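Worth saying up front: this structure is predicted, and the values here are computed from it rather than measured.
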Amino acid sequence: MSAATTSPGRQQDDVLAAVKAAGGHVMAWADDWEVSGATDPMTRPKLGPWLRGERGPYDGIAGAAVDRLGRNLVDCLNTGYMMRDSGLLLLTYGHDGPWDLHDVNDENRFTMEAWGAQMELRAIQRRNRDATIKARAAGRVKGKPSYGYHFVRLVPTGAVDHVALHPHAAGVIREVARRLLSDPDNITPSSEAARLTRAGELSPSDHRAVVYGRPPTGAPWRSSGLRDILTSEAALGYLMHGGRPVVGDDGRPVRVAEPLWDRATHEMLKRVIRQRGEAHPRGDRTSSRPYLLTGLAFCGQCHSRLRVNAAPSQGRGKRYLCDARVLGLPGAKNCRPAPSFFIHDLDARMESWFLAQYGSGMVMETVYDPGDGIAERIAEVEAARQRLRADREAGLYDAPDDAQWFRSRYADMGRDLVKLRLEPVRPAGMVTRPTGQTVADRWAAAPDVQARKEILRDFGLRVTIWPANSAVRWFPGVVHGPVQQKL
């Protein structure tokens, strides 16, 4: 699919030439772009349904070459024999007419070409493995950059010169980390994934596609992928292999780029995400419905959360209502008449009251302060030493010369730790600072309802409504009953 190759076009011409030579025409195409040739033809997204008989009748299939059927000898033979036994034609460019696998000569030639495709695949895999090993040993990157980074090439088609933070993606993921650390009780990877999708931020796969000149697919952000990005040590700028940092000759991880955040922030993110997962194993997603007060509005009689009715009523739109008694919830059997309020009206009154009360106030933000860096350096050395110890326990340094190298590097790290622990430390922690923005400014700049709901949550706001005949009532600008029960 990349713009640098002409192979798809050439293969299409070869297929058409093979079909024309056989006196036929193409009734459908099975274009499995970006699918590995090592994939079994029966399981390919586009070709597989035809081979499994799920797309209706056809006379046969045509490919640009035998190796387009597959890069595995068994897969090619299975497909060829299935076509033969089903009475279907098998055409490939460069072979005169359809393949006749009943004929010994054709069968031998087909087998040799399939075997050659398999040997070519094995050679490609071996070259890739060797290139990966050499790049890793030399501290060079290979593969795909982690989200937040991009490869910098001095010429468009040249080798990667270095890895750098992506100007936009790095800011996106840093903001996610800041928000998670500032309010871990309400902001989760799931809610952040939903927020990024609503905001139109390209998901990691679409971001990578656009960087390399391909159109985005519109894939949404996934909470699992976001967790992986936030907790991976790739965010510390390390060269990674198999999900772990590559260790250099000094026993420490090889760093190839500027980190997205420091070690202390990395450990805090892991702790927050792990604790959130243990406390809420199902993710506890924050609602993404376009209503300002879902989760914040409660019934004054039974204290249940108000829900949104399924259909508009009286031509004025949907309502917030209490259906706890209908659902048979404990403590709600006497909740009658159940209070309800038109969503548009309650949201508008709440917004007006909130901005009048707090709109001129200064917005403060809570951020994670990693301290003076001493704790970060201690954490880095401890992590490197722990990684070495785990490798030794796994038997990686059992040889005499490796054991000596291990003892030397481990002792060096121990001495570094002793020195670092003697230095004065300003500990990491959460700090609150002004943003220079008022609450009204932040409200006006909020991109959607969910962003405004976060503002209300920051103020600990809670809305309670009662039925019209209750002794505690709220009319526009007037509160009847205890004031503290209004909000």
Side-chain angles (χ1 to χ4, degrees), residues 1-129 144 205-206 208-209 214-219:
M1 291 292 290
S2 68
T5 179
T6 60
S7 179
R10 287 186 288 105
Q11 289 185 47
Q12 185 181 52
D13 292 342
D14 291 346
V15 170
L16 291 173
V19 173
K20 182 179 180 180
H25 66 275
V26 174
M27 62 174 288
W29 292 90
D31 295 328
D32 284 316
W33 306 123
E34 307 295 346
V35 178
S36 170
T39 305
D40 183 353
M42 295 292 289
T43 63
R44 292 182 192 172
K46 299 294 182 62
L47 180 59
W50 288 99
L51 298 181
R52 297 193 299 268
E54 299 171 1
R55 294 290 178 87
Y58 60 98
D59 294 320
I61 61 174
V66 172
D67 62 12
R68 297 299 91 189
L69 293 177
R71 293 296 186 92
N72 181 285
L73 176 61
V74 174
D75 289 344
C76 284
L77 291 177
N78 285 342
T79 304
Y81 288 137
M82 185 199 72
M83 302 298 291
R84 181 197 67 183
D85 297 341
S86 301
L88 300 174
L89 300 178
L90 177 60
L91 303 172
T92 62
Y93 181 76
H95 182 268
D96 294 332
W99 287 94
D100 180 8
L101 298 187
H102 290 288
D103 179 76
V104 175
N105 293 328
D106 252 15
E107 184 181 40
N108 287 339
R109 178 179 170 184
F110 185 84
T111 302
M112 291 299 293
E113 291 194 21
W115 180 77
Q118 177 171 295
M119 294 300 294
E120 181 183 6
L121 174 64
R122 298 292 182 267
I124 292 172
Q125 291 173 335
R126 184 174 60 254
R127 288 197 299 270
N128 286 339
R129 283 195 302 269
K144 302 174 182 177
S205 58
D206 275 356
R208 188 180 302 116
R214 299 191 299 270
T217 63

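Here the CE atom belonging to Met42 is positioned 14.5 Å from the CH2 atom belonging to Trp50, to the nearest 0.5 angstrom. Taking CZ from Arg44 and CG from Asp75, the interatomic distance works out to 8.0 Å, rounded to the nearest 0.5 Å. Between atom CZ of residue Arg55 and atom NZ of residue Lys46 there is a gap of 8.0 Å, rounded to the nearest 0.5 Å. Put simply, CH2 on Trp115 and SG on Cys76 are 13.5 Å apart, with the number rounded to the nearest 0.5 Å. Distance CZ/Arg68 to CD/Gln11: 5.0 Å, rounded to 0.5 Å. Expressed to the nearest 0.5 Å, how far CG of Asp40 lies from OG1 of Thr43 amounts to 4.5 Å.
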Exercise. What do the steps show when you test Trp99 against Met83 for side chain to side chain contact (heavy atoms under 4.5 Å, CB included), and what is the final call?
Worked result: CA-CA 10 Å; Trp99 287 94; Met83 302 298 291; over 6 Å; no
Problem set entry | Leu88/Tyr58 under side chain to side chain contact (heavy atoms under 4.5 Å, CB included): CA gap, chis, key distance, verdict | CA-CA 8 Å; Leu88 300 174; Tyr58 60 98; 3.8 Å; yes
For this session: Take Asp67 and Glu113 through the side chain to side chain contact (heavy atoms under 4.5 Å, CB included) test and state the conclusion after the steps.
Result: CA-CA 7 Å; Asp67 62 12; Glu113 291 194 21; over 6 Å; no
For this session: With side chain to side chain contact (heavy atoms under 4.5 Å, CB included) as the test, would you mind laying out the steps for Thr111 and Leu77 before giving the verdict?
Result: CA-CA 7 Å; Thr111 302; Leu77 291 177; 3.7 Å; yes
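Atom CG of Asp31 has more than 12 heavy atoms from other residues, nucleotides or ligands within 6.0 Å. Enclosure of atom CE in Met82 by more than 12 non-hydrogen atoms of other residues, nucleotides or ligands within 6.0 angstrom is indicated. The 12-atom threshold is exceeded at CG of Asp85, counting heavy atoms of other residues, nucleotides or ligands nearer than 6.0 Å.
Side chains of Tyr93 and Asp13 form no contact here, defined as non-hydrogen atoms less than 4.5 Å apart. Taking the side chain as every heavy atom from C-beta outward, Glu107 and His102 never approach each other to under 4.5 Å. Residues Leu90 and Leu69 meet the side-chain proximity criterion, which asks for heavy atoms closer than 4.5 Å. The closest side-chain heavy-atom distance from Asn72 to Leu121 is not below 4.5 Å. Annotation: side chain of Leu51 is in contact with side chain of Ile61 (closest heavy-atom distance under 4.5 Å). Ile124 is listed as a side-chain neighbour of Arg71, based on a closest heavy-atom distance under 4.5 Å. Side chains of Leu91 and Pro98 form a contact here, defined as non-hydrogen atoms less than 4.5 Å apart.
The two atoms that bring Leu47 and Asp32 nearest to each other are N-OD2, 3.2 Å, heavy atoms only. Of all the heavy atoms in Ala219 and Asp206, the pair that sits closest is N-OD2, 3.1 Å. What you find for Ala62 and Val19 is that their closest heavy atoms are CB-CG2, 3.6 Å. A pairwise comparison of heavy atoms in Thr79 and Pro41 identifies OG1-CG, 3.5 Å as the closest pair. Of all heavy-atom pairs between Val35 and Pro45, the closest is CG2-CD, 4.0 Å. Taking both residues in full, the closest heavy atoms of Val15 and Ala64 are given as CG2-N, 3.7 Å, listed atom of the first, atom of the second, then distance.
In this structure a side-chain-to-backbone donor-acceptor pair under 3.5 Å is present from His95 to Gly97.
Under the ring pair (Phe, Tyr, Trp, His ring centres under 6.0 Å) criterion, Tyr81 pairs with no residue at all, not counting sequence neighbours.
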